[in-house]
Amino acid sequence: MNMAERYSPQDIETKWQRRWEADALYKSASTGDKPKYYILDFYPYPSGEGMSVGHARNYVPTDVIARYYRMRGFNVMHPIGFDAFGLPTENAAIKLKKNPHELNERYSANYIRQYKLMGLSYDWSRVINSAHDNYYRWTQWIFLKIFHSWYDARLNKAAPIADLEAELSTQGSGAILDYIDRNAEHVGTVTAGTQPVTAAHWNAMSRREKNEYLMNFRLAFRSNSLVWWDPVDKVVVADEEVENGRAWRSGALVERKTLRQWYFRITAYAERLINDLDSVDWPERIVKMQRNWIGKSEGAEVEFKVANAESRARSSDSGLGMQDSIRVFTTRPDTLWGATFMVLSPEHGLVDALTTPEQRAAVDAYRAMAKGETDEVRTAENKEKTGVFTGGYAINPVNGERIPVWIADYVLTSYGTGAIMAVPAHDQRDFDFARKFGLPIVEVVRGPGESKPTSEWSAAYEEKSGVMVNSGPLNGMSTGDDGKACIRAATEHVAKLGVGQRRVNYRIRAWLISRQRYWGTPIPIIHTDDGEVSMDESELPLRLPDVAHYEPSQTGESPLAGIPEFVNTPRGRRETDTMATWACSSWYYMRFADPHNDSRIFDPKELNYWLPVDMYVGGAEHAVLHLLYSRMWTKVLYDAGVVNFIEPFKALRNQGMILSNQKKVDENGREYYEKMSKSKGNVITPDEVAAEHGADALRGYEMFISDFTQTVPWNTQGVPGVRRWLDRVWRIVLSPDEDKGAPNSMSAKDLRRVAHLTIERYERDLVAFSFNTVVSGMMEFTNTMFKARDAGLAGTPEWNEAIDILVKLLAPIGPHVAEELWERMGHAYSIHQQRWPKLDPDAIKSDSITIPVQVNGKLRDRIVVAADADDAAIKAAALASENVQKFMEGKSARQVIYAKGRMVSVVV
RNA sequence: GGGGAUGUGGCGUAAUUGGCAGCCGCGCACGACUUAGGAUCGUGAGCCGUAAGGCGUGUGGGUUCAAGUCCCACCAUCCCCACCA
C-alpha cells in the first residue's frame, strides 16, 4: 500500500473555504417548514487591531452549534454584522487623518477575512453595518417611533403622542398625572415635577409651548441636565459609561456640565424590564445584575414642613414660606419617629432658602467643594462623613419635633428626592454622621433581648426582628412577625396625616443618548420656531455629510455644527448631535431577518419567523447596558405593534475571557496574567495560530481550552495537542492499516457501543455549552478507533459505521478536515449537508456491567456481572469476591447496599 | 457594605449530579523509528511507600453505608454594584 498523504491543513482549508463561499453553503432559507434556529454572536466593533484568539472563543463555539443544528435539519440563521459607529474609529480617523467611512470599510473587511479563515459558517448574504445609510436610516426610523410615543400608565404601554395631545385638548393632564401619582410603580413614566395643565390652558398654548410640555412625556426627549463631560474625547458620557470617576473609553477624569441632551425614557419600562426577566433563559448572574441596575425599592415619600420662621423673615427674598416642605424617600417609614435630623444633597433646590445668614459662608464653601468633586474623590474619602448645618429646621410630621437640616455629599441628588430623613439609631451612615457632628440619636427598634434604650448603634434595623419603641401608634409592634407590617402601618399613618404616601423608587435613570461627535447616527430632529420637531419618515435617511475634519469643537458642540449645508434647512436648524452606538446595537438582531429591505425596516413575516433570537452569546461586559437597552427597544416596538415578542433574546450565555499567555508577577510575588491588548504587545491572533496549525486545530483548541465560562490564559502549546488528534482522525479514516499496535480483545459490539455513546455525550454536552468535553469525548472515541483497529475490526460493518459517525461528528468542530475526509472517502459534497447520525439506544446497552464494591466505605474490588442480573445476585457476587472477604475479616455483613448500576457497599 | 463566582496533580481540566476522584489534553520521564528532532509512534506517572497498603478535591466540623458534590463555620482569589436612603 502507498504511504498515504499526510494531514496538511494548509493544503485543504483555503480550498474548501472558497468552495463553500462560492456555493453560499450557509445561506439561510428565508422561512420554510423546517424548525428555525437563530444563533447570534454579540455585535462586534470592528477595530483596526483586528481579532485576537480571545474573540474567537465567542465565534467558534456558536459556529459549532450552528453547524450542528443545520445537520440536525434546522433552518439555521447565523449572521454577523458590524457595530461600526463610535469613538474608536472616529478617534483613529482623526489621528490617521483618514475618512472614518474608509476605515470602517477596511476594518470590517479585515474582520470578515479573519472570520473566513476560521471557517465560520456565517450567512454572508446578511452582513450588515451600522454606519451604512441603509442601516442607520432605520435606526432613525425607530428614533422617530420613540419620539412620537409616550407611556400611558393606565394601559401600561407606550401609545402615540397624538393620543396624549387629544386627551390634553379635552381633559388636560390632571387625570394622567394623578393616576401616575397614585400608582407608585409608574413613577418613571413622566418627567418628575411635571405640572398639570387644564384643557383650556393647553388649548391656549402656542405650538412651541405645547412641544415643550410634551417633552415631559415623550419616550425620546430633550432635557437640560447635569451630565458627565469627558474633557479628553470632548464628549458627553452617560452615567453608565463612567467608572470610578473616569470615562469608560478614554480613562479621563470626567467633569460636571449642564447641557441640553437627548434621552430615552427607559424609566417608564422599569417595572416591565424587571418582570419580564422571569421569562428568559439567561445566566442567573446577569439577571441579578439587571435587577440591581434597575434597583427597585419600595417605601414611602414623606413631607417634612420647613420650620424656620426666623430665617424666613430674614431671607424673605428667597421666597421661602411655611408651605414649603422637604420631601424624602424612605424604605423604612416605620423608623420615622427616630428621624432626628435631615440631610439634603448640596445641590438640592431648597438649600438656599433654608440657609441662615450665619451659616451662609459655610454652606457656600461646602457646595463649591462638592461641585468640584468627581465621584472618584467622593468615594475615595467615603469613610469620613462631611457636611454643614444650614441653620434651617424642619418638623418631623409624626411627632412634631423640630429637627435641624444639614447638607452633605453622602446624599445624592440623583437618587430619590435628593434629601433624606436621618435615622441615626438604625442606619450606619446616619449614625456616623450624628456621632461626628453631635446630633441626637433616638432608638425606635429594640432588638430581642435588649431591655433598655441605648443611644448607641443598634443592629435591630438589620436584624429585622425587634419591637417598635418611642414610635407613638407603632409602639409594641414586632418587626419580626412580618417586617412589612410596621412599614405598612407607618405608611397608612402618614397618609392619614396627609404628609406622605406609598412610593416606589427606581435607581435606573433616563438613558442619555446624544453625543457631540461626528461618527454616529444623526438624530432626525430640526429645531424650529415651534421647538424641536421631527423629520418625516419619508425624508430618511438623514445622511452624515462628508467633511474634511472630524475634530470635536472645544465648545462641546458636534463637528456637524460647523457644516452650514447640514445645519441649515428651510424649516430651521438641524440637530447636530448624533446617537450613541447603543442605539445601533439595540435592534441589529432584528434587521438580520430581512437585511436588505429598502422599503421598510423589515418584512414582519420574516421578522416573526426568525425572532426572537434562540441563543445569544458574548462577553459578560455587556451584561447590563446593551442587553437592557435592547430589551427596552423591543418593548417600545412591541407596544407600537412593530414586533410580536416582548423579549429579544430567549437564551443568553457568556464566554470567559482569554488572557495573555505571558505570566506576570505582582508586587506581592503572586503570579497573574494580563488581558491581551495591542499596547501590551501580547496579542495572539487567530491568523498566526491558523497559519501554523490550521483553522481546525485552532477551532478545536478554542473549545477545548477550558470550561466556556471560565477566564483562562491562552496556551499556544495546547494547540498542537488538538492538531495531533485531527491527524490521528485523518490516519484512522484514510489508512487504518498502517502502524498497527498490539492486538487486543475489543469486539465489534464494543466499538459500536462507544460510537453511539459518543453521539449521546456529544449532543448532551454541546447543548449544555460544555464544549471542552465535546472535544475530549471525540478524542476518546478516536483513541477507541485505534484500539478497534488493533483488534482487527477495520473493514467490518461496525467499523464503517463508526468511521461515518466519527467524520460527521467532526464536521462542526473541524469543518475543513471533515469535508476533505468525506471527499476522500468517496462521498458526495458536502458533509455539511449530511444528516446527523441517529443515536441507536440499543447500541449503548451492554451485556455485562462492572460494579465497584466497597467494604466500610473503601473500594476493595470490582465485579463483572450480567447487565440483567438481579439485585440479589449482584450482592451475592460482591460478597463472594475474594478481596471483599479478606477485608470483611471473617465478620458477617451488617448491611449490603446496592445502588443500581453504580456500587455495592458492604458494611460489617 | 451588598450581590455573584471559583478553589481538584507541575498546568488547562473531567467526574452520568450523593456512588470507582483525576477522563481528555499540555508539560514531563523513559523507550522506538531516525543523520537529526521543538516531527511521529509507544509506555509511565496524584502523593507517601520496595510492597501490602495508607493518605488525598482550600481549612475545620457535621449528615450518610457512601461527600469534590449536601449542611454549618472559616480562609483565599476573582468579578459586578456601591454613601442608592
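Below, chain A is the first sequence line, B the second, and so on; all start at residue 1.
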When we call it a touch if two heavy atoms are under 4.0 Å apart, what does [X] touch: a base, just sugar-phosphate, or nothing?
{"X": "A:N505", "value": "nothing"}
{"X": "A:I897", "value": "base"}
{"X": "A:R507", "value": "base"}
{"X": "A:F786", "value": "nothing"}
{"X": "A:E284", "value": "nothing"}
{"X": "A:T417", "value": "nothing"}
{"X": "A:K663", "value": "nothing"}
{"X": "A:R731", "value": "sugar-phosphate"}

Between [N] and [M], how many Å separate the two [atom1] atoms, rounded to a whole number?
{"N": "B:G58", "M": "B:A67", "atom1": "C1'", "value": "16 Å"}
{"N": "B:U63", "M": "B:U77", "atom1": "P", "value": "32 Å"}
{"N": "B:G46", "M": "B:G56", "atom1": "C1'", "value": "8 Å"}
{"N": "B:G44", "M": "B:G54", "atom1": "P", "value": "24 Å"}
{"N": "B:G38", "M": "B:C74", "atom1": "C1'", "value": "47 Å"}

Side chains of [X] and [Y]: does their closest heavy-atom pair fall under 4.5 Å?
{"X": "A:P404", "Y": "A:F437", "answer": "no"}
{"X": "A:M703", "Y": "A:S770", "answer": "no"}
{"X": "A:L698", "Y": "A:V719", "answer": "no"}

Cation-pi check, A:R503 onto A:F329 ring (under 6.0 Å, within 45° of axis): no
Separation of B:G19 P from A:K900 NZ (nearest whole Å): 17 Å
A:R860 CZ to B:G19 P, straight-line distance once rounded to whole Å: 21 Å
Assigned glycosidic conformation for B:G56 [threshold 90° from 0]: anti
Tabulated below should be each protein N or O lying under 3.5 Å from an N or O of nucleotides 24-29 of chain B; please produce it.
| unit_1 | atom_1 | unit_2 | atom_2 | d |
| --- | --- | --- | --- | --- |
| B:G25 | OP1 | A:N783 | ND2 | 3.4 |
| B:C26 | OP1 | A:R724 | NE | 3.0 |
| B:C26 | OP1 | A:R724 | NH2 | 2.5 |
| B:C26 | O3' | A:Q717 | O | 3.4 |

Stems formed with participation of RNA chain B [Watson-Crick or G-U wobble, under 3.5 Å, three or more pairs]: B:1-7 with B:75-81, B:10-12 with B:24-26, B:28-32 with B:40-44, B:46-48 with B:53-55, B:58-62 with B:70-74
Any donor-acceptor N/O pair under 3.5 Å between B:C80 base and A:K288 side chain: no
RNA chain B: 5'-proximal contact among A:T850 and A:R761 (nearest heavy atom): A:T850
